[in-house]
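Step one of this worksheet: look at the structure below.
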2 protein chains.
Amino acid sequence: MENLNVCIRDKANPLQINECRNKMAANEDSFTQLSSILALTGNQVRLKILYLLNQEKELCPCDLSDILGMSIPAVSQHLRKMKDGNIVEFRKEGQTIFYSLKVEHLDLLHPFFSIINGKNLTVERYE
Amino acid sequence: MENLNVCIRDKANPLQINECRNKMAANEDSFTQLSSILALTGNQVRLKILYLLNQEKELCPCDLSDILGMSIPAVSQHLRKMKDGNIVEFRKEGQTIFYSLKVEHLDLLHPFFSIINGKNLTVERYE
DNA sequence: TGCTTATTTAAGTATTTGCTTAAGTAAGTA
DNA sequence: TACTTACTTAAGCAAATACTTAAATAAGCA
């Protein structure tokens, strides 16, 4: 970035800017991690898969393909992304592979499911 | 999709599949809306902007450009997406435009800010 | 009025995404 | 052993994304 288009208004608070910059630097890793998880949920197909896994406990690629009306490789590739992103896991039973949500990030995901179920956000606790 | 690669195992529960399919159809709009909001948060730059707006109440593109170390047009385009997505709004003061979070979706966003601040939702705290 | 400042918009581009089809793997089954 | 079945992986491609630079807009200010 050349940044020739600099804003030089004197109302800006350099102290505030600097504090913000430090905070960003300090939390760089958190932003990276969280945004990558949210990117996984920010796709309609994957959000549906996550919702279904939450509701049905576990499902195989075949079932998901059937429910979502899309090809098995397409589903499989979404599952791989989420497995790599550490929000789903699987177990094998014969040649069938059952996917499920990892407990680790359930707290992040649960409010999303509540929204979809129509239980509005403002009441989003469920203990 | 040609779906030649169909799974035909007999263990599948057609009743379960069908219920799921109905549920997906019934909530189609919710999935579309929520995933599009989550897609906005699933970008590191935008997540940072949202975090900063939450913390500083309001900021102009110029400040954000300065804090994030990126060009003003780049910031402006992210802000536009989020404005279109209805999660930020703005007010004008002279030639300066101050962006802020829309209250409407604060409940969805707040847990993200808590995670970044280290107040983790789950058990993995470290204080 | 003309010049500067703050911001947006537009056009161009490299990268990423999400599908497709085809091929590969691995666990039953005959 | 060979043939299914369930799934993954690879390659290819159209569309979307996120930046870049340059031009446009619009609000002060001299």
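The figures that follow rest on heavy atoms only: side chains count, while hydrogens, waters and symmetry mates do not.
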Checklist entry - What nucleotide among C:dA27, D:dC19, D:dT20 has an atom nearest to a side-chain atom of A:K92? => result C:dA27
Checklist outcome for this item: Residues passing the salt bridge (Lys or Arg N to Asp or Glu O under 4.0 Å) test with A:E89, sequence neighbours excluded, are none
Checklist entry - Of the nucleotides C:dT9, D:dT17, D:dT9, which has the atom closest to the A:R80 side chain? => result D:dT9
Item to check | Flag, side chain of A:D66 to backbone of A:C62, donor-acceptor distance under 3.5 Å | outcome: no
Checklist entry - So what does A:Y99 hit on the nucleic acid, given a heavy-atom distance under 4.0 Å: a base, only sugar-phosphate, or nothing? => result sugar-phosphate
Checklist outcome for this item: When rounded to whole Å, the CG to C1' distance for the pair B:L79 and C:dT9 reads 14 Å
Next on the checklist: Tell me the interatomic distance from B:M82, atom CE, to D:dA18, atom C1', rounded to whole angstroms.
Outcome noted: 13 Å
Checklist entry - Atom CD1 of A:I97 to atom C1' of C:dA26: distance rounded to whole Å? => result 9 Å
Checklist entry - So, is A:S71 close to the C:dT20 phosphate, meaning a side-chain N or O under 4.0 Å from OP1 or OP2? => result yes
Checklist entry - Where along residues 35-57 of chain A does a heavy atom fall under 4.0 Å from DNA chain D? => result none
Next on the checklist: On the side chain of B:Q77, is there an atom forming a donor-acceptor pair with the base of C:dT7 - under 3.5 Å, no angle test?
Outcome noted: no
Checklist entry - To the nearest Å, how far apart are A:R91 CZ and D:dA6 P? => result 16 Å
Checklist outcome for this item: In whole angstroms, the gap separating C1' of C:dT21 from CD1 of A:I72 amounts to 14 Å
Item to check | Selected nucleotide, minimal atom distance to A:A74 side chain, candidates C:dA10, C:dC19, D:dC7 | outcome: C:dC19
Item to check | Residue B:C62, side-chain atoms from C-beta onward, closest of C:dT7, C:dT20, D:dT8 | outcome: C:dT7
Item to check | From B:L53, B:N54, B:T41, residue fulfilling side chain to side chain contact (heavy atoms under 4.5 Å, CB included) relative to B:L109 | outcome: B:T41
Next on the checklist: Whole angstroms only, please: what is the NE2-C1' distance between A:H78 and C:dT16?
Outcome noted: 14 Å
Checklist entry - CG of B:L64 versus P of D:dC19: gap in Å, rounded? => result 13 Å
Item to check | Length of the line joining A:M70:CE and C:dT21:P, which is rounded to integer Å | outcome: 12 Å
Checklist entry - Which part of the nucleic acid does A:K83 contact within heavy-atom distance under 4.0 Å: base, sugar-phosphate only, or nothing? => result nothing
Checklist entry - B:S65 versus B:M70: any side-chain heavy-atom pair under 4.5 Å? => result no
Item to check | Side chain to side chain, A:L34 and A:L38, heavy atoms closer than 4.5 Å | outcome: yes
Checklist entry - Start at the 5' end of DNA chain D and walk down; is the nucleotide closest to A:S76 or to A:Q95 reached first? => result A:Q95
Checklist entry - Do A:I67 and A:K48 come close enough that some side-chain heavy atom pair is under 4.5 Å? => result no
Checklist entry - Is there a donor-acceptor pair under 3.5 Å between the side chain of B:S76 and the backbone N or O of B:I72? => result no
